[in-house]
There are 2 protein chains.
Amino acid sequence: MVYWIILPADPPSDTSRPRNAAHTRVAILNAARTAFARQGFEAAGVREIAASAGVTAALVIRYFGSKENLFVQAVVQNFSVVGLLEGERARLGERLARYVLQKESEAGGSLHPLLALLRSATNEQAAALLRTGLDAQFIGPLAAWLGGPEAEVRAGFIAATLLGLTAVRSVLQSRALFTADTERLLAFSAPVLQGYIDGPDIS
Amino acid sequence: MVYWIILPADPPSDTSRPRNAAHTRVAILNAARTAFARQGFEAAGVREIAASAGVTAALVIRYFGSKENLFVQAVVQNFSVVGLLEGERARLGERLARYVLQKESEAGGSLHPLLALLRSATNEQAAALLRTGLDAQFIGPLAAWLGGPEAEVRAGFIAATLLGLTAVRSVLQSRALFTADTERLLAFSAPVLQGYIDGPDIS
DNA sequence: TTCTAATGTAAACAAACGTTTACTTGCTGC
DNA sequence: GCAGCAAGTAAACGTTTGTTTACATTAGAA
């Protein structure tokens with residue numbers, strides 16, 4: 001018991017955290033995002049998410065009602081394209097390509113948001129939830145930004161390209177794209193993406 | 001009971017099948033391919049595969065040793081790019097695009113082979129198996145066919161594009177690409193794929 | 001300081017999973 | 001015709017899953 005007094009006031013930021021529903025909620029959401037990105041909707045367990053947030057599974061259910069609802073709040077409502085749209089139009093293709101080609105370690109310390117989407121897209125339950133989110137928060141805004149009659153199809157192809165690259169590189173880790181250096185992959189993919197952005201309409 | 005006698009001699013082609021290990025094996029493999037394509041490696045259950053093949057789960061394990069081994073024999077050793085490589089080089093992009101854009105109903109009656117790959121790629125156990133299969137049966141042969149110093153990267157991008165399209169269309173069923181007609185999608189994607197095939201090398 | 005509502009936990013639930021064991025059924029070579 | 005082995009099944013095993021129930025603890029207002 002004495003050891004508790006000797007330890008610093010806020011040691012590993014989890015063990016001695018005072019009871020605080022708001023902080024706990026955030027901790028659970030962060031743990032869930034990481035777990036869903038690493039393992040997908042099905043494989044990620046409520047007990048494991050709870051443990052890595054420093055609580056128990058029962059509390060997670062108490063706060064979010066169900067695993068499905070936790071997924072919605074942690075992942076579906078949490079990826080967006082709007083940040084990438086800032087900047088000159090002629091280089092949007094490059095920004096998008098860099099967005100998916102950067103190593104996980106470079107992605108702001110956390111795992112790539114697209115990973116959670118991709119790793120969970122195969123579960124029918126999660127896919128139904130993601131369907132809405134992808135249209136509302138990625139394809140929709142991107143299409144509106146692009147403009148023109150083919151905007152939706154163009155945005156869809158961009159999403160498909162980014163997801164495909166993420167799939168082959170981060171999930172399947174196919175040798176061809178996993179070991180190649182980022183700049184070379186960028187040289188291939190950025191023009192393609194820019195082509196979807198600025199290419200001519202199909203009659 | 002009388003109804004059985006009235007029914008034709010070989011009714012649903014399953015109930016009255018005589019004992020035949022070879023036929024049963026094939027039936028299990030077919031059922032497994034469909035189940036893995038529809039639900040992915042984890043969600044597809046051995047009991048369900050067995051039932052749809054007209055046998056019990058114990059027999060499936062007896063024949064294939066484990067669910068993992070069943071997956072290898074049903075899916076991993078069963079997708080290949082070689083068929084698409086026949087024909088003129090200038091139209092390979094179009095053939096590849098058609099390969100993934102055709103509706104499931106047009107894909108020879110069965111589900112698209114890429115679906116099983118994609119829906120199972122998120123399971124770490126299955127992904128490890130698919131990693132080898134994708135390189136050995138798709139990217140490898142395609143790269144050898146393409147030739148040139150960048151062949152592997154080009155093949156990787158082609159695989160990524162096809163997987164991405166399949167993901168957005170068949171799994172996420174995003175409105176933008178799900179409702180658009182095949183010919184328009186073909187007009188967008190075929191040139192991109194052909195670009196990966198014939199485009200200039202990156203210095 | 002005391003009391004109560006909020007915060008959290010331990011333990012168990014029912015269902016589903018892949019797999020194993022022991023058993024029954026039926027085709028086939030002698 | 002009949003043994004023997006292959007083909008197939010029923011039932012259970014041990015885990016793991018998301019979720020529920022009943023209980024403990026602590027923070028904060030009175």
Side-chain angles (χ1 to χ4, degrees), chain A residues 1 4-5 9-10 13-29 31-32 35-36 38-75 119-120 122-126 129, chain B residues 13-29 31-32 35-36 38-75 119-120 122-126 128-129:
Chain A
M1 301 220 188
W4 279 98
I5 301 178
D10 49 353
S13 79
D14 265 44
T15 37
S16 73
R17 160 166 33 90
R19 291 193 167 188
N20 185 322
H23 289 179
T24 304
R25 245 188 97 91
V26 172
I28 293 173
L29 283 173
F36 286 137
R38 281 219 169 91
Q39 314 173 235
F41 177 77
E42 283 215 314
V46 174
R47 280 175 178 80
E48 169 203 357
I49 291 172
S52 103
V55 296
T56 54
L59 193 69
V60 172
I61 297 297
R62 236 172 104 95
Y63 275 14
F64 296 93
S66 68
K67 179 185 181 180
E68 180 178 326
N69 199 261
L70 173 62
F71 178 72
V72 171
Q73 301 203 29
V75 176
R119 283 221 159 92
S120 304
T122 58
N123 178 270
E124 198 45 51
Q125 194 181 0
L129 302 170
Chain B
S13 79
D14 264 44
T15 37
S16 73
R17 161 166 32 87
R19 292 196 166 185
N20 185 323
H23 289 179
T24 304
R25 246 189 96 91
V26 171
I28 293 172
L29 283 172
F36 287 135
R38 282 219 169 93
Q39 313 173 237
F41 178 77
E42 282 214 315
V46 174
R47 280 175 178 81
E48 171 204 356
I49 292 172
S52 103
V55 296
T56 53
L59 193 69
V60 172
I61 297 296
R62 236 173 103 96
Y63 276 14
F64 295 94
S66 67
K67 180 186 182 181
E68 181 178 326
N69 199 261
L70 173 62
F71 178 73
V72 170
Q73 300 203 29
V75 176
R119 284 221 159 91
S120 304
T122 57
N123 178 268
E124 197 45 53
Q125 193 182 2
L129 301 170

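In what follows, chains are A, B, ... by sequence order, proteins preceding strands, each numbered from 1. Computation of the quantities below employed the complete heavy-atom set of this structure, encompassing side-chain atoms and omitting hydrogens, waters and symmetry-equivalent molecules.
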Q: Apply side chain to side chain contact (heavy atoms under 4.5 Å, CB included) to A:V46 and list each qualifying residue two or more places apart in sequence or on a separate chain.
A: A:A57, A:V60, A:I61, A:K67

Q) Counting any heavy atom closer than 4.0 Å, what does B:Y63 reach on the DNA or RNA strands: base, sugar-phosphate only, or nothing? A) sugar-phosphate

Q) Starting at CZ of A:F64 and ending at C1' of C:dG8, how long is that distance when rounded to a whole Å? A) 15 Å

Q | Interatomic distance, A:R25 CZ vs C:dG8 C1' [rounded to whole Å] | A | 16 Å

**Q.** Gap between atoms CD1 and P, on A:I28 and D:dG18 respectively (whole Å)
**A.** 14 Å

**Q.** Contact pattern, 5' to 3', of nucleotides 18-30 of chain C - B, S or - by protein heavy atom under 4.0 Å
**A.** BBB----BS----

Q. Residues two or more places apart in sequence or in another chain: which of them pass side chain to side chain contact (heavy atoms under 4.5 Å, CB included) with B:A58?
A. B:T56

Q: Take atom CZ of A:F71 and atom C1' of D:dG18, then tell me their distance rounded to the nearest Å.
A: 16 Å

Q.
Measure NE2/B:H23 against C1'/D:dG8 and give the value in whole Å, please.
A. 17 Å

Q. Would you say A:T24 reaches C:dT7's phosphate, i.e. side-chain N/O to OP1/OP2 under 4.0 Å?
A. no

Q: Not counting sequence neighbours, which residues clear side chain to side chain donor-acceptor pair (under 3.5 Å) with B:E68? List them please.
A: B:Q125

Q: Could you state the atom-to-atom distance from CG of A:N20 to P of C:dG8 in whole Å?
A: 8 Å

Q | A:L59 CG to D:dA24 P, straight-line distance once rounded to whole Å | A | 18 Å

Q: Could you tell me which residues satisfy side chain to side chain contact (heavy atoms under 4.5 Å, CB included) with A:R25, sequence neighbours excluded, listed by chain and number?
A: A:Y63, A:F64, A:Q73

**Q.** Pairing residues for A:A126 by the side chain to side chain contact (heavy atoms under 4.5 Å, CB included) criterion, not counting sequence neighbours
**A.** A:F41, A:F71, A:S120, A:N123

Q | Value in whole Å for how far the P atom of D:dT17 lies from CD of A:E48 | A | 9 Å

**Q.** Shortest non-hydrogen contact from B:A44 toward B:Q39
**A.** N-CB, 4.0 Å

